[in-house]
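Below: one structure, written as structure tokens.
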Amino acid sequence: MTAILIRSGTLVTASEVIRADLLIRDERIAAIGEEIAADDAEIIDAEGKLVFPGGVDPHTHLDLPMFDTVSSDDHYTGHKAAAFGGTTTVMDFVPQDQPSLRQAIENWHRKADEKAAVDFGFHMNITNLDDDVMAEIPALLDEGITTLKVFTAYNGRLRLQDGEIFRVMRLGAEQGMLTMMHAENGDVIEILTAEALAAGHTSPEWHALTRPPWGAVESVLRGIALAEQAGSPLYIVHVNTAGGLDQIRYARQRGTPVMGETCPPYLFFTIENLRGDEGAKWICSPPMRTTQDNETLWNGLADGGLQTIGTDHCPFFYDGTKPIEYEGQSVMIPGKELGADDFTKIPNGLPGVGDRMPILWSYGVGQGRITPNQFVALTSTNAAKIFGLYPQKGALLPGSDADIVIWDPARELTYGVEFAQHRTDYNLYEGWQLKGYPEKVFLRGQLIVDEGKWQGKAGMGRYLHRRPGGEIL
Ligand code: DUC
Ligand code: ZN
Ligand code: ZN
């Protein structure tokens with residue numbers, strides 16, 4: 001592979017902004033400095049451009065079966081969409097839907113390995129606990145999996161009881177693993193959902209009304225208390241309420257190793273979006289809340305109460321009875337229309353893996369809510385550190401993988417489904433004006449997105465064997 005010299009860019013990391021050259025050799029960053037000489041290198045002029053480490057999205061659900069369908073991005077199309085938005089590493093959740101954890105992971109590799117177009121890791125869902133599963137958990141480290149996800153909602157499907165969560169956390173902590181938690185109150189949701197349906201309340205807003213914010217608040221604190229008693233670190237996924245963030249702050253002020261992730265939709269949208277004509281487009285769990293929650297979560301990103309921005313990317317078609325064109329093929333996958341008469345049948349999940357960085361740049365950095373350094377920390381570096389990938393990922397350092405985004409801060413565009421590369425028929429940010437967008441994206445030194453053109457291919461993404469003992473931020 002020829003060397004590449006990115007000349008005169010403005011390098012932005014989690015802690016610095018420096019004007020420098022950056023040399024790529026053999027998939028890695030070989031040097032950073034002023035006026036680097038490399039006669040054999042192809043030169044890319046990055047004058048006036050920003051240079052970021054490739055984004056790390058710690059939360060995707062690709063090719064995930066749900067209800068009577070499947071999330072509409074697979075491990076190729078989702079990775080490609082990620083790359084267009086500047087993300088070069090994603091971490092996907094392995095469902096515990098096979099007789100053993102090992103078989104579940106093998107099954108997920110069968111789906112992912114040949115399709116992968118960016119680098120990827122796995123988290124393991126623990127949704128059914130017995131002694132055999134407990135005995136298998138330590139061996140996840142041999143598979144490069146260092147993270148266990150548990151749920152306090154989805155009774156009878158994914159939820160573990162508190163004692164089971166405690167056992168998972170304690171064993172995980174002994175192994176240097178990190179427990180991740182989806183925090184809502186499953187019991188209350190079951191009761192309110194049954195009552196809503198019995199009363200004939202079937203529209204999308206009832207998805208949010210049957211999942212009250214206090215359930216998330218209580219469950220976040222419960223998770224923290226269980227983790228503290230188990231001697232385990234904890235990572236709360238998709239924090240969507242101001243009260244949930246309050247619990248995380250309370251714990252962190254007391255030195256408890258708990259970290260929080262939010263996702264872009266919780267920063268911009270509210271239950272009012274579910275009340276609109278096309279409310280199903282915003283159905284995911286946990287749901288959208290209020291503008292006050294939006295603002296509080298922004299504050300959490302700015303002041304360190306939250307550590308990462310993931311996407312929970314789990315797209316479905318809005319109208320899966322109408323085909324879309326994808327890479328010259330007609331594609332149609334059942335989606336949100338499945339719940340036209342019953343909100344409980346609307347597949348839960350949103351597109352977002354490609355939106356995350358462009359939207360956060362324009363509406364986070366552009367509006368002065370977070371700094372450019374915080375943008376890099378929240379979309380890349382912190383996740384790499386927490387999940388055992390730093391400094392291979394999430395860094396602009398000699399020796400790091402040359403996952404690099406050349407970002408044009410002056411590029412202005414109107415965003416939406418035509419722009420985003422997700423394999424679905426809608427985009428949550430339709431018509432939003434953006435300023436700043438990825439121009440070139442490199443995966444380990446290979447140019448995979450070049451000014452809106454796809455240069456990557458299925459199979460070039462590598463599975464990341466993660467190391468235990470990730471950082472507590
Ligand atoms: N929530 C969603 O909306 N979709 C996938 C999984 C989840 O927790
Ligand atoms: Zn979840
Ligand atoms: Zn999720």
Side-chain angles (χ1 to χ4, degrees), residues 57-74 78 82 90-97 108 120-127 147-155 157-160 165 178-186 189 193 204 206-208 210-211 215-216 219-220 223 234-241 244 259-266 269 271 273-274 279-289 308-318 333 335-336 338-339 343-353 355-356 383 387 422 424 426 428:
D57 186 343
H59 193 153
T60 65
H61 299 282
L62 301 169
D63 206 356
L64 176 70
M66 190 186 296
F67 303 168
D68 288 328
T69 185
V70 63
S71 60
S72 63
D73 267 325
D74 65 16
V90 299
M91 287 176 240
D92 205 68
F93 290 83
V94 179
Q96 191 193 346
D97 59 1
W108 224 244
F120 65 106
F122 290 159
H123 307 293
M124 186 72 228
N125 284 0
I126 305 292
T127 53
T147 33
L148 308 168
K149 180 172 179 202
V150 296
F151 297 78
T152 56
Y154 302 111
N155 288 12
R157 285 196 291 140
L158 304 175
R159 178 187 175 172
L160 294 188
I165 291 174
L178 173 65
T179 297
M180 309 169 77
M181 179 184 270
H182 174 122
E184 294 185 285
N185 188 307
I189 292 168
T193 303
W206 287 91
H207 175 75
T210 54
R211 310 179 91 90
S219 172
V220 168
L234 179 64
Y235 178 96
I236 306 285
V237 296
H238 48 51
V239 176
N240 68 327
T241 61
M259 297 168 280
E261 162 200 279
T262 192
C263 311
Y266 302 125
F269 303 116
I271 189 171
N273 295 93
L274 297 177
K281 287 183 175 175
W282 279 268
I283 292 274
C284 67
S285 297
M288 308 299 138
R289 300 297 186 198
T308 64
I309 302 173
T311 60
D312 206 0
H313 178 77
C314 187
F316 295 95
F317 278 49
Y318 176 59
I333 302 170
K336 304 278 188 183
L338 294 171
F343 71 90
T344 66
K345 297 198 166 65
I346 303 172
N348 284 207
L350 309 177
V353 73
D355 305 330
R356 182 182 68 138
F387 295 107
H422 308 129
T424 185
Y426 76 101
L428 295 174

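Just so you know, ligand 1 is whichever comes first in the structure, and atom 1 is the first atom listed for that ligand.
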Can you check whether Gly352's main-chain N or O pairs, donor with acceptor, with Thr311's side chain at less than 3.5 Å?
-> no
Can you pull out the closest protein heavy atom to atom 4 (N) of ligand 1? Residue, atom name and distance to 0.1 Å, please.
-> Asn348 O, 3.0 Å
Could you tell me which atoms of ligand 1, counted from 1 in the order shown, lie closer than 4.0 angstrom to a heavy atom of His182?
-> 8 (O)
Quick one: does Tyr235's side chain have a donor or acceptor within less than 3.5 Å of a partner on Leu178's backbone?
-> no
Side-chain donor or acceptor of Lys336 paired with backbone N/O of Pro347 under 3.5 Å = yes
May I ask you to establish whether Arg211 and Tyr154 are in a cation-pi arrangement, using a distance under 6.0 Å from NZ or CZ to the six-membered ring centre and at most 45° from the ring axis?
-> yes
For Gly349, take its heavy atoms, then give the atoms of ligand 1 lying under 4.0 Å from any of them.
-> 3 (O), 4 (N)
If you measure every N/O of His61 against every N/O of ligand 1, is any gap under 3.5 Å?
-> no
Could you tell me which atoms of ligand 1, counted from 1 in the order shown, lie closer than 4.0 angstrom to a heavy atom of Tyr154?
-> 1 (N), 7 (C), 8 (O)
For ligand 1, note which part of Cys314 has a heavy atom under 4.0 Å away: side chain, backbone, both or neither.
-> side chain
Which of the numbered atoms in ligand 1 are below 4.0 angstrom from a heavy atom of Asp312?
-> 1 (N), 7 (C)
Distance filter under 4.0 Å to His238 heavy atoms, resulting ligand 1 atoms | 8 (O)
If you measure from each heavy atom of Phe316 to ligand 1, is any distance below 4.0 Å?
-> no
For ligand 1, which atoms sit closer than 4.0 Å to a heavy atom of Cys284?
-> 3 (O)
min-distance N/O/S atom, His59 vs the Zn ion (ligand 3), resolves to NE2
Within less than 2.8 Å of the Zn ion (ligand 3), any N, O or S from His61?
-> yes
Measuring from the Zn ion (ligand 3), name the closest N, O or S atom belonging to Asp312.
-> OD1
Backbone of His238 reached by a side-chain donor or acceptor of Glu261 within 3.5 Å | yes
Closest protein heavy atom (residue, atom, distance) for atom 1 (N) of ligand 1 | Ser285 O, 2.8 Å
Within the side chain of His207, is there an N or O that forms a donor-acceptor pair under 3.5 Å with the backbone of Asn348?
-> no
Do the side chain of Thr262 and the main chain of Val239 share a donor and acceptor less than 3.5 angstrom apart?
-> yes
Return a yes/no value for Lys149: is any of its N or O atoms, backbone included, closer than 3.5 angstrom to an N or O of ligand 1?
-> no
Can any side-chain N or O of Ser71 pair as donor or acceptor with the backbone N or O of His61 at less than 3.5 Å?
-> yes
Donor-acceptor contact below 3.5 Å, side chain Thr152 vs main chain His182 | yes
Please find the N/O/S atom of His182 nearest to the Zn ion (ligand 2) and write down its name.
-> ND1
Of all heavy-atom pairs between Arg289 and Asn240, which one has the smallest distance, and what is that distance?
-> NE-ND2, 3.3 Å
Backbone, side chain, both or neither: what part of Val237 comes under 4.0 angstrom of ligand 1, heavy atoms only?
-> neither
Distance-only, no hydrogens or angles: does the Asn125 side chain make a donor-acceptor pair with backbone N or O of Gln96 under 3.5 Å?
-> no
